[in-house]
Each structure stands twice: as structure tokens, then as C-alpha cells.
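Everything below concerns the one structure shown next.
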Amino acid sequence: MIIARTLQELRDAREALGPVGLVPTMGALHEGHLALIAAARVAGQPAAASIFVNPTQFGPKEDFNHYPRDEAGDLAKLESAGCALVWMPSVEVMYPPHGATTIHVNGPAQHWEGAARPGHFAGVATVVAKLFGQVRPEAAYFGEKDWQQVQVVSRMVADLHLPVRIVPVPTVRENNGLAMSSRNAYLTPEERKAAPILHAALTHAAKEIVAGKQVAETLHHARHEVAQAGIIPDYIALVHAETLDPIPALTHPARLIAAAKLGRVRLLDNIPV
Ligand code: AMP
């Protein structure tokens with residue numbers, strides 16, 4: 001496995017490898033990330049992972065300084081997952097002095113996480129565009145766990161005619177249904193017991209909606225169920241799967257999306273309906 005930390009090292013590695021599938025990450029890797037590596041490898045290309053905790057996608061009151069970091073552990077996991085290249089740029093390489101370009105995506109970036117975390121998706125879109133320019137992958141793999149992020153990146157790639165194929169990969173969950181996330185490390189043992197209720201509430205709500213129950217009422221019940229477990233719902237919404245616009249009744253393609261606060265953690269989850 002090649003580890004590149006400078007643009008020259010990355011260029012040399014890319015020349016040696018040919019077309020690659022890129023898996024952008026912020027490190028603190030878990031099985032969800034490794035499923036993306038596996039998906040890239042199954043597609044038959046060498047997998048390249050990037051590890052970069054991107055400062056511009058964190059709000060001023062968010063956890064950038066405390067975001068979990070485990071370089072040695074991450075490299076060991078990537079090596080055993082069969083990753084061919086790891087791109088680990090510094091903040092200075094990613095954001096050179098006098099940089100003056102930010103990518104703002106409207107449409108799918110406007111609601112939900114975009115509204116709750118101003119500037120977040122501009123940070124994501126900008127860093128992902130930079131990664132695509134640096135690594136020039138043939139395909140890039142993103143987790144459905146961050147459903148809105150997949151739609152924002154797909155919109156940007158379509159709008160800017162970027163020569164990369166975006167491949168969504170299903171969410172990897174704990175046995176109890178909790179979507180794996182690096183930030184789950186912040187949960188106390190008590191909170192870990194409550195956390196799966198978010199996914200259970202979504203699954204239940206999706207069944208009710210498919211069975212023809214009124215959407216607004218079903219979502220209201222789901223929020224109540226989650227709140228009862230000590231999880232503070234920010235939103236639980238039925239949306240158009242690509243535009244992320246809320247929909248009042250079931251039409252296709254639809255997605256049930258949720259964000260909720262549990263202790264220090266903002267839990268995100270979503271399922272198809
Ligand atoms: P992060 O390191 O949290 O920025 O995530 C890097 C990539 O891994 C993103 O495309 C995430 O959507 C994806 N990812 C994170 N958690 C999971 C999961 N539980 N299942 C599938 N993909 C995931």
C-alpha cells in the first residue's frame with residue numbers, strides 16, 4: 001500500500017496504478033468505510049482512500065479539534081482491506097495560501113444538514129472537488145449513511161461535468177440497527193443503548209407510510225418515539241430522494257431521513273421508502 005503525503009508522491013503513485021476508485025474519508029475508520037473500499041475493489045480497480053479531516057466543513061462550534069484521529073489504526077485497517085493507495089494531504093496542501101475558490105451547491109444542499117450546519121456542504125463540495133482534481137479517480141464511493149451528501153456531490157459532479165462516476169454504497173449498521181459512524185465513539189454506554197431507537201423509529205414509520213398511513217401523522221409519531229428515548233430529534237422527514245425536497249405523500253423515489261441529538265452526538269440516518 002502506497003502512502004502519499006505530498007502532491008508529488010500522489011502523482012507518482014497515480015502513474016504507477018492507472019485508473020482508481022476513490023474513497024474519501026476523514027479517518028477514524030470503521031466497517032462502514034471498509035465497505036466502501038470493498039465496493040471499489042469489487043468493481044475491479046485499485047482502491048484509493050483519502051484521509052483528511054476537512055476544517056472547512058466544520059462549524060465554529062463543532063468538533064474539528066476533537067474529531068477522533070487514529071492514523072496508525074486507519075493505515076492498518078486500509079492495508080488489510082486491500083487498499084492500494086492512501087492520500088493523506090496536510091491542511092496546507094489542501095488549502096494553499098491565497099486560495100479563493102469555494103463551491104456552493106444549492107438545490108439538495110439547502111435543507112436539513114445544510115440548514116442545521118451553515119457552510120457544511122460548501123466545505124464538503126469544495127474538498128471533494130479538490131480530491132477529484134488531485135486523485136483524478138474514475139469512480140468515487142460514498143456512503144448512503146450520509147444520503148444528503150451523496151446527492152450534493154452527485155449534483156456538483158453533474159453540474160460541473162466532472163469526469164467521475166459517483167457510486168453510493170449502502171449503510172453499514174451494528175447488529176442493533178445503529179448506523180456506524182466515527183462519532184459514535186463519543187456515545188456513553190447508556191447512550192449506545194438508546195441510539196438504535198432512531199433506526200427502529202424510521203423502519204416503523206416507513207412501514208406505516210407504505211401501508212398508506214398519513215405521512216405527517218406518522219412522522220409526528222416517529223419524532224415522539226425518538227424523544228421518549230431521550231434522543232432529541234432535529235428532523236425526521238419524508239423527502240424526494242434526489243432533490244431532498246419534503247414530500248407530503250409517498251411518491252417515488254422517496255427517502256426517510258433523520259437527524260437527532262444524543263448526548264454530544266448528532267445521529268444521522270435514512271432509509272428508502
Ligand atoms: P466520514 O469519514 O465520516 O467523512 O465518512 C467517509 C465516507 O464513509 C462517507 O462517504 C460516508 O458516508 C461513509 N460512511 C460513514 N459511515 C458509514 C456507514 N455506516 N456505512 C456506509 N458508509 C459510511
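Whatever order the structure lists ligands and atoms in, that order sets their numbers, starting from 1.
A cation-pi arrangement, defined by a distance under 6.0 Å to the six-membered ring centre and an angle within 45 degrees of its axis, is absent between R264 and Y67.
The pair R223-D234 does not count as a salt bridge, with every side-chain nitrogen at least 4.0 angstrom from each carboxylate oxygen. With respect to E92 and R5, no salt bridge is recorded, no charged nitrogen being found less than 4.0 Å from a carboxylate O.
In summary, the aromatic rings of H224 and H221 are positioned with their centroids too far apart to meet the 6.0 Å limit.
Each of V164, V135, V128, L85 was scored for a side-chain contact (heavy atoms from CB on, under 4.5 Å) with L22, with one residue passing: V135.
Sorted by first and then second residue, the pairs that involve residues 53-65 and meet side chain to side chain donor-acceptor pair (under 3.5 Å), not counting sequence neighbours, are N54-T56, N54-Q57, N54-Y95, T56-Y95, E62-R117, D63-R183, D63-Y186.
Listed as neighbours of ligand 1 are P24, T25, M26, H30, G32, H33, L36, Y67, F142, G143, K145, D146, Q149, P170, T171, V172, M180, each bearing a heavy atom under 4.0 Å from the ligand.
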